[in-house]
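Read through the structure below, which is laid out as structure tokens, and then see the notes.
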Amino acid sequence: MSRCERIAELFDPEKARRAQELLSRLLWSGRLGELRRIGGVDVSYRGNLGVGALVIVTYPELEVISCRLLVREACVPYIPGLLAFRELEVIAPLLGEALRRERIDLLFVNGHGISHPRRFGLAAHVGLLFRLPTIGVARRKLVGEERRRGDITYIVHRGEEVAARLGRLYVSPGVGVTLEEALEVTRSVTKAGMPEPLRLADKASKAAIGGGKEGNCLRVLSS
DNA sequence: GCGACAG
DNA sequence: ATCTTGTCGC
């Protein structure tokens with residue numbers, strides 16, 4: 001049995017869900033400080049091999065400051081609601097290394113924030129782990145029902161507005177931002193149907209894993 | 001039991 | 001997310 005299979009074997013979905021319920025109580029909302037540098041993180045896979053990309057850009061100019069890649073095996077399987085336990089195997093070391101070298105005022109994460117069965121989606125998990133303001137951006141809905149209020153479509157789950165639509169995207173707070181703030185900032189950095197740093201991170205990770213097109217990221221870190 | 005189900 | 005051929009539309 002491989003190292004990865006042993007890790008997958010040890011992963012307990014029920015314990016993971018209980019951990020999310022506990023950790024969700026530690027989230028904070030608050031308001032965003034001054035934004036100068038914002039990031040986007042995404043992971044692409046080939047089998048269990050994950051390539052994480054972190055792109056940092058200036059705000060509001062959206063000029064690329066840095067782009068890093070990290071290759072690592074993701075052993076935990078994908079289970080709806082437990083995405084963080086898979087993606088963090090790649091994102092944690094990638095983000096950890098980056099934060100030792102540069103500052104990030106706000107991070108966009110590919111996935112949901114609090115629009116999650118236990119209010120603790122990937123963006124919330126990342127924000128809490130690194131004490132970093134985060135916003136979750138997802139292409140598909142995980143929980144809740146869409147409800148129009150004024151000219152904005154919100155996602156309501158258990159009577160609470162936990163996300164809002166922006167074009168075809170679902171935007172939800174992770175850590176340190178209100179939903180209104182998340183919507184406003186995300187709108188201001190979305191240029192091609194996706195927040196710019198996330199679009200670049202997606203492109204870089206896909207290219208690195210062998211998608212064919214040329215990438216936009218040079219720095220590659222250890223695996 | 002059945003449908004829903006981020007990436 | 002990834003696998004994977006052809007097809008529809010600008």
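Chain letters run A, B, ... following the sequence lines, proteins first, then strands; residues in each count from 1. Atom set for the values below is all heavy atoms of this structure, side chains included, hydrogens, waters and symmetry mates excluded.
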- Rounded to whole angstroms, how far apart are CG on Asn48(A) and P on dG7(B)? 18 Å

- Round to a whole Å and report the spacing from CG of Leu88(A) to P of dA1(C). 17 Å

- Task: Compute whether any side-chain donor of one residue and acceptor of the other, for Glu146(A) and Tyr170(A), lie under 3.5 angstrom apart.
- Result: yes

- Note on the structure: Of the listed dC3(C), dG7(B), dA6(B), the closest approach to the Pro80(A) side chain comes from dA6(B)

- Student check: side-chain heavy atoms of Val43(A) and Val51(A) closer than 4.5 Å: no

- Message: Is Ser44(A) close enough to dT2(C) that one of its side-chain N or O atoms is under 4.0 Å from OP1 or OP2 there?
- Response: yes

- Provide, to the nearest angstrom, the distance between the CG atom belonging to Leu82(A) and the C1' atom belonging to dG7(B). 12 Å

- Query: Does Tyr78(A) put a side-chain nitrogen or oxygen below 4.0 Å from OP1 or OP2 of dA6(B)?
  - Reply: yes

- Message: For a quick check of understanding: with a heavy-atom distance under 4.0 Å over all strands, which category does Ile91(A) fall into, base, sugar-phosphate or nothing?
- Response: nothing

- Task: Using only side-chain N and O atoms of Arg140(A), determine if any of them is under 4.0 Å from OP1 or OP2 of dG7(B).
- Result: yes

- Message: Is it the case that over 12 heavy atoms from other parts of the model lie below 6.0 angstrom from the CD atom of Glu9(A)?
- Response: no

- Rounded to whole Å, CZ of Arg165(A) lies from C1' of dA6(B) at a distance of 14 Å

- Among the nucleotides dT2(C), dG7(B), dC5(B), which one has an atom lying closest to any side-chain atom of Ile209(A)? dT2(C)

- CG of Asn110(A) versus C1' of dA6(B): gap in Å, rounded? 8 Å

- Item | Taking every non-hydrogen atom, the tightest pair across Glu73(A) and Leu49(A) | N-CD1, 4.3 Å

- Task: Return the value, rounded to whole Å, for the distance between atom NZ of Lys141(A) and atom P of dG3(B).
- Result: 17 Å

- Query: Nearest-Å distance, CZ (Arg139(A)) to P (dA4(B))?
  - Reply: 22 Å

- Item | Separation of atom CG in Leu142(A) from atom P in dG7(B), rounded to whole Å | 9 Å

- With sugar-phosphate meaning primed atoms plus P, OP1 and OP2, does Gly50(A) contact a base, only sugar-phosphate, or nothing at under 4.0 Å between heavy atoms? nothing

- Task: Could you label the plane-to-plane angle of the His125(A) and Phe85(A) rings as parallel, tilted or perpendicular, counting under 30° as parallel and over 60° as perpendicular?
- Result: perpendicular

